[in-house]
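The structure appears right after this line, and notes come after that.
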Amino acid sequence: MQTLTLPRPDDWHLHLRDGAMLTGIAAETARHFARAIIMPNLVPPVVTGAEAQAYRDRILAVTGSGFTPLMTLYLTEATDPADVVAAHRAGIITAVKLYPAGATTNSASGVRDFDRVRGVLEAMAQAGIPLLTHGEVTDPEIDIFDREAVFIDRVLDPIRRTTPGLRVVMEHITTSDAVAYVQSQPDDLGATITTHHLVINRNHILVGGIKPHYYCLPVAKRETHRQALLAAATSGDARFFLGTDSAPHADDAKESACGCAGCFTATNTMSILAQVFEAAGALDKLEGFSSRNGPAFYRLPVNDATLTLEKSDTPVSYPSKIDTGAGPVTVFDPGFPLYWRVL
Ligand code: NCD
Ligand code: ZN
């Protein structure tokens with residue numbers, strides 16, 4: 001029997017939601033992960049230090065203290081730089097999230113005019129607070145499959161040039177353009193990669209009938225891009241680390257004429273990753289990707305606790321849905337059998 005023991009992994013991009021959904025799905029992450037960067041796109045969004053503190057308390061009330069939520073603020077054009085710096089100094093927040101207005105689920109309060117957040121970004125650069133970007137432009141003229149690459153040129157690179165010292169994480173990258181941009185830059189730039197973008201390309205969403213549970217944002221691109229992501233994740237380059245972007249929506253909101261974006265991967269992420277890294281001949285790189293590179297970027301210690309995976313001869317089964325008080329949530333189906341089980 002083959003086993004693999006890692007320092008306990010962290011999830012550097014996670015949606016835990018609130019209320020009955022939070023209660024229903026938090027254990028799916030807390031069972032395997034020590035810490036997670038918690039996305040602030042609630043309705044209404046988490047915009048102040050006080051709101052982040054209250055949200056953290058609601059999460060801890062569900063997970064207990066064995067799991068550490070690392071909180072983020074949702075950047076708006078009205079964000080007060082002093083509040084951001086004070087919340088960081090007080091240990092309430094770890095980072096700030098930039099959503100271009102309208103880019104994704106619950107992003108209506110995001111940024112339209114990037115000049116209006118310059119003061120906040122400068123204060124963050126000074127205080128060493130990372131900016132996490134949802135890297136897609138929202139210009140209706142730009143094709144949805146090109147929105148990440150255009151964001152790099154039009155928004156991200158200018159922000160980084162005008163705000164020296166700002167540490168940035170490109171969240172959930174989906175293109176070879178994003179991989180190449182990270183590789184071309186100094187190590188104040190990192191990137192998270194999701195589990196599902198290592199598994200699916202756009203055919204999975206569209207061939208043989210539309211598959212709403214594979215629809216997420218940024219939308220999966222063509223196969224060459226998936227291969228570039230896989231190469232980056234398994235390369236050992238410390239600037240790439242795991243952020244699952246596990247994003248639960250109840251099935252009725254996904255299986256709809258206007259279905260929500262988001263793949264829910266918390267339950268089987270570590271099994272899928274072990275399988276994917278092994279198939280790429282890079283099982284030895286999983287530890288860096290899921291347990292070491294993220295803490296290094298965030299200047300946090302690697303977890304002392306461990307997680308052990310065991311490979312069996314017969315496939316491991318996971319529930320196809322998690323029942324929550326907010327409705328059933330479908331667990332991401334990688335489309336191939338999983339042999340690695342978390343002990
Ligand atoms: C996320 C969500 O549902 O909140 N959806 C998604 O497809 N990833 C938002 C996001 O991270 O873009
Ligand atoms: Zn997300």
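Remember, it's 1-based here, ligands and their atoms both numbered in the order they're listed. Just so you know, residue 1 is the first one in the sequence shown, and it goes up from there.
- The distance from ligand 1 to the heavy atoms of His13 drops below 4.0 Å at these ligand atoms: 11 (O).
- Using modelled atom types, one finds no donor on one side chain facing an acceptor on the other under 3.5 Å when comparing Thr48 with Asp83.
- Taking any N or O of Lys97, backbone or side chain, none lies under 3.5 Å from an N or O belonging to ligand 1.
- The nearest N, O or S atom of Asp245 is closer to the Zn ion (ligand 2) than 2.8 Å.
- At the top of the distance list for atom 7 (O) of ligand 1, counting protein heavy atoms only, stands Leu217 N, 2.8 Å.
- Salt-bridge formation is not detected for the pair Arg112/Glu77: no Lys NZ or Arg NE/NH1/NH2 atom is positioned less than 4.0 Å from an Asp or Glu carboxylate oxygen.
- Ligand-side atoms of ligand 1 in range of Cys216: 7 (O), range being under 4.0 angstrom from any heavy atom.
- In summary, no N, O or S atom of His172 is located under 2.8 Å from the Zn ion (ligand 2).
- Not one N/O/S atom of His134, from backbone or side chain, sits under 2.8 Å from the Zn ion (ligand 2).
- Listed by atom number, the atoms of ligand 1 under 4.0 Å from Gly262 heavy atoms are 5 (N), 6 (C), 7 (O).
- Taking every heavy atom of His134 and a limit of under 4.0 angstrom, the matching atoms of ligand 1 come to 12 (O).
- At a heavy-atom distance under 4.0 Å, only side-chain atoms of His172, from C-beta outward, approach ligand 1.
- Ligand 1 has no nitrogen or oxygen under 3.5 angstrom from a nitrogen or oxygen of Tyr215.
- When heavy-atom distances to ligand 1 are checked against a 4.0 Å cut-off, Glu136 has no atom that comes that close, whether in backbone or side chain.
- In terms of N/O distances under 3.5 Å, ligand 1 is approached by His249.
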